[in-house]
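Take a look at the structure below.
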Amino acid sequence: MQEKKANHLIHENSPYLLQHAYNPVEWFAWGDDAFNKAKNEDKPILVSIGYAACHWCHVMEHESFENEETAKFMNTWFVNIKIDREERPDIDNIYMNACQILTGAGGWPLNIFLTPNLLPFSGGTYFPPKPGYGKPSWMEVLMYMKDVFTNSRDKVEQQAATLSDHILKMDNAFVSQLTELPLPANVFSQDEIESAINGLQNNFDTIDGGFGSAPKFPGSMSLLFLCRTLFYMPNATIEKQLHLSLNKMLEGGIYDQIGGGFARYTVDKKWIIPHFEKMLYDNALLITVYAETYRAKKQKQYLQIIIETIDFLERELMSPEFGFYASYDADSEGVEGKYYTFSIEEINQIFIEDNAFVCRLYNIEQNGNWEHTNILFRTTNNEALASEFNLSLVDVEIKISAIKKRLLQYREKRIKPALDDKIILSWNALTCSAYVQAFKATNLLRYKTMAISNLNFLIAKFSDSEHPNQLFHTYKNNIAKHPAFIEDYAAYIQALLDVYEITSDIQYLEIAISCNKYVNAHFGDSDGLFFFTNKNQKDIPIRNKDFYDNATPSGNSIMLQNLIRLHIFTGNNELYQQSVRMISSLKVSMIKHGSSFGNWLTAALQFVYPIAEVVIMGKEAHEMADKVMQMYYPHLLMQFSKKENTDYPLLMGRYSEKATFIYLCKNNVCNLPVNSAEDLAEALKEF
């Protein structure tokens, strides 16, 4: 057998790129080697973008990129670049916009054809090896692109110029140009919040929870917005939808019933059939939603989900340095979902006595409930199981716990899906913030400790020692690389502020303040909004912005909330004015397209309902702060200190050696102090 020859990707760090290192396609990484070859040989560039946990990326690799004849054609007529979208979300963002303009849809694998100057002129997503799915074959696409580039070059260049112009205009499609000065005092109103909710409500699935139909994604940011809205605007319909959604997800196949953690989405509307890939960011965002909803309404099952999902993160995705890996693949042994599903024979083998109970518990069927095997999901609650099997509720809970442990032990012996073990700054920062919310919900000290450990790891490993406040995007094998993007800086500043609020460790606030100055200088635009990339980054053809809250919150929407918090902590009113400009620019789009602006809408609530600025000063400040954290008030921002501090306005002049006092303030104006968390809770009722 002829030994496979490595291509240029063999020198990369990304697990996804390394998966393609022995393809017969002469893949390049994004960079000067590929760019120079395209210019020198005057060839079009094929950029193929995917990620390690992407099922259809693997399918197309096997069908087309491992095919010798296909590879020969690609190598002859194109310069081929493979990109891990998780390493380079900036490039993916640009070319995904191009694909959506061209085809009206997007997804991965993303295959885009560029001029030698890196401007897109055509593209699409998955293409089969033979015509099908309403698409031409991959070879037909390649032959057409080769022909059009060779014989209709003028049209190609014109298309590329027009498409690039459209991509830049997309930045302004959702932004209202603000001409009136000064900015409006009434930034956002309750009526406008209600209009946004009505828009979301039109997309409610009132039977199975969530938003829309299949495929169904968690919609974490919209759910968090609804949770916070309910605190200020009680609404039985919204409350029912929120809890229906959260309960349907935790019962469904989207949730790993025995190992904890959530899959990215389900292909059906009932949350039963997952696309089995598990992403760090989904789990971080869902921990946050369940933690905050648990604080608002103490439902036992939400607490269990928080604990089990964090257990999954620490068991499966945590590195020895307290960073968290990116994802688990959907496939194992070349089969989607094989690691997670069970046959009736396996259940009968594992449980000789309790097999009937297990089958009822997880809907196990003789011939399988999905593709001749069984996805584990629940439709029967514990009370019904207790009645059906003549058991006490306590006995049912004990039995289920033992069943989960036994199934997990059995599953651990299988070949696991591939792990993408790169560590991404933004996703880790979101996870750090999730730990903070979990600590507030559970009062478990280990979650606070883990948030601090993770944040200290991010500070140590993602900082550029040669350039103050400059960060990297990814880390693997003790190497940090790729300049960080706005989403990285935004989530990092948020995590710094979150950990500062639960520790009062001033270093975290100081780093956040310094980092925010860097972001404004290197990412900021005159309109107060932020570009996706640093102004010094030179390897992209277009510098654009990103506003959508998609799978993760946009960097701009996180920065909006960071500016509000930093304004209160520092007293810098310019930061608040910037936040007003940002939200005023996007307000019309937020109200009209609420499902794409969930994190923006959560921020908008802070312009409608007051922020409770809580200051705790005195020798018992830490102990009292821990009690305050157990309260649920969505817009509570806290600073506490055991000693005098004259550096920050809320802390100035409020220290007393005689006692520990709690101050409740609004716009830096404070009420008379109280002496206990209970008194603060009473004061908040009238706030």
Side-chain angles (χ1 to χ4, degrees), residues 182-183 185 187 429 432-433 436 455 458-459 463 468-471 486 488-524 528-530 555-584 602-607 609-617 621 625 628-629 633-655 661-671:
L183 291 164
V187 181
C432 179
S433 293
V436 171
L455 183 57
L458 299 182
I459 294 169
S463 299
N469 295 310
Q470 190 163 302
L471 302 171
I486 187 60
D488 295 304
Y489 284 93
Y492 179 66
I493 293 170
Q494 175 180 264
L496 286 162
L497 296 177
D498 284 341
V499 174
Y500 168 65
E501 282 203 59
I502 62 170
T503 63
S504 82
D505 189 333
I506 209 72
Q507 68 158 325
Y508 299 128
L509 178 57
E510 290 172 348
I511 295 171
I513 293 168
S514 182
C515 197
N516 183 68
K517 290 177 181 177
Y518 179 90
V519 169
N520 267 308
H522 290 80
F523 290 82
L529 298 163
F530 298 95
N556 271 282
S557 70
I558 302 175
M559 280 304 302
L560 171 61
Q561 302 195 46
N562 291 341
L563 291 169
I564 295 169
R565 295 169 80 183
L566 285 168
H567 151 66
I568 293 171
F569 284 139
T570 65
N572 184 346
N573 196 53
E574 289 183 8
L575 301 180
Y576 178 73
Q577 291 302 316
Q578 184 180 354
S579 73
V580 171
R581 288 200 304 277
M582 290 180 72
I583 199 161
S584 299
T602 301
L605 288 170
Q606 295 174 80
F607 293 95
Y609 302 102
I611 297 173
E613 303 159 12
V614 174
V615 184
I616 308 176
M617 298 292 288
V628 171
M629 286 174 213
Y633 189 90
H635 298 160
L636 191 151
L637 183 149
M638 182 164 62
Q639 280 185 292
F640 59 98
S641 179
K642 288 184 176 182
K643 56 186 180 181
E644 181 68 73
N645 187 310
T646 59
D647 294 330
Y648 298 99
L650 282 175
L651 300 177
M652 289 174 62
R654 296 200 167 96
Y655 177 76
F661 291 113
I662 303 176
Y663 297 84
L664 177 59
C665 316
K666 183 193 298 184
N667 300 325
N668 204 26
V669 177
C670 302
N671 297 336

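Worth knowing before you read on, the calculation uses all heavy atoms, side chains too, and leaves out hydrogens, waters and symmetry mates.
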Problem set entry | Reported CD-to-CG distance for the pair Q606 and L560, which is rounded to 0.5 angstrom | 7.5 Å
Exercise. With side chains defined as the heavy atoms from C-beta onward, is the minimum distance between I506 and Y648 less than 4.5 Å?
Worked result: yes
Exercise. Mind checking whether N645 and M652 have side chains closer than 4.5 Å, heavy atoms only?
Worked result: no
For this session: Verify whether one side chain among Y500 and Q639 offers a donor that lies under 3.5 Å from an acceptor in the other.
Result: yes
For this session: Applying side chain to side chain contact (heavy atoms under 4.5 Å, CB included), run through C665 and N671 and close with a yes or a no.
Result: CA-CA 6 Å; C665 316; N671 297 336; over 6 Å; no
Exercise. Taking the six-membered ring of F661 as reference, does the NZ or CZ atom of R654 fall below 6.0 Å from its centre and within a 45° cone about the axis?
Worked result: no
Problem set entry | Passing candidate, side chain to side chain contact (heavy atoms under 4.5 Å, CB included) with L575, options L566, I564, I513 | L566
For this session: Report the C-alpha distance between I558 and N556 in whole Å, list the side-chain angles of each, state the deciding distance to 0.1 Å, and finish with yes or no for side chain to side chain contact (heavy atoms under 4.5 Å, CB included).
Result: CA-CA 5 Å; I558 302 175; N556 271 282; over 6 Å; no
Exercise. What's the shortest heavy-atom distance between A429 and A495, and which atoms?
Worked result: O-CB, 3.7 Å
For this session: Any chance you could measure L529, atom CG, to I486, atom CD1, to the nearest 0.5 Å?
Result: 10.0 Å
Exercise. What is the minimum heavy-atom distance between S463 and Y492, and which atoms define it?
Worked result: OG-OH, 4.3 Å
Exercise. Do you know the tightest heavy-atom contact between Q494 and S433?
Worked result: NE2-OG, 3.6 Å
For this session: Quick one: do I583 and F607 satisfy side chain to side chain contact (heavy atoms under 4.5 Å, CB included)? Show the steps, please.
Result: CA-CA 9 Å; I583 199 161; F607 293 95; 3.7 Å; yes
Exercise. Can you name the closest pair of heavy atoms from K666 and P610 and give their distance?
Worked result: CE-CB, 3.9 Å
Exercise. Can you find a heavy atom in the side chain of Y663 that is under 4.5 Å from one in the side chain of L650?
Worked result: no
Exercise. Below 4.5 Å, heavy atoms only, C-beta onward: do I493 and N516 meet side chain to side chain?
Worked result: yes
Exercise. Can you name the closest pair of heavy atoms from M638 and V628 and give their distance?
Worked result: SD-CG1, 3.8 Å
Problem set entry | Gap separating the CE atom of M582 from the CD atom of Q577, nearest 0.5 angstrom | 13.5 Å
Problem set entry | Rounded distance (nearest 0.5 Å) linking atom NZ of K643 with atom CE of M617 | 10.5 Å
Exercise. Has the side chain of E613 got a donor or acceptor atom that lies under 3.5 Å from a matching backbone atom of L637?
Worked result: no
Exercise. Is D498 close to C432 at the side-chain level, that is, under 4.5 Å between some pair of heavy atoms?
Worked result: no
For this session: Kindly say whether Q507 contributes a backbone atom to a donor-acceptor pair with the side chain of D505 at under 3.5 angstrom?
Result: yes
Problem set entry | Flag side-chain contact, heavy atom, 4.5 Å: L496 against L509 | no
Seminar exercise, completed: CD (E501) and CZ (R565) are apart, to the nearest 0.5 Å, by 4.5 Å
Problem set entry | S584 to V187 - nearest heavy-atom pair and separation | OG-CG1, 4.1 Å
Exercise. Side-chain contact, heavy-atom cut-off 4.5 Å: Y508 with E510?
Worked result: no
Exercise. Would the number of heavy atoms belonging to other residues, nucleotides or ligands and lying under 6.0 Å from CD of E574 be above 12?
Worked result: no
Problem set entry | Short side-chain to backbone donor-acceptor contact, D488 and L471, under 3.5 Å | no
Exercise. Between Y489 and Y518, how do the two ring planes meet: parallel, tilted or perpendicular, split at 30° and 60°?
Worked result: parallel
For this session: State the CD1-NE2 distance between I568 and H635, to the nearest 0.5 angstrom.
Result: 10.0 Å
Exercise. Side chains of L664 and I662: closer than 4.5 Å at any heavy-atom pair?
Worked result: no
Problem set entry | Residue pair Y576, L563: steps toward the side chain to side chain contact (heavy atoms under 4.5 Å, CB included) verdict | CA-CA 6 Å; Y576 178 73; L563 291 169; over 6 Å; no
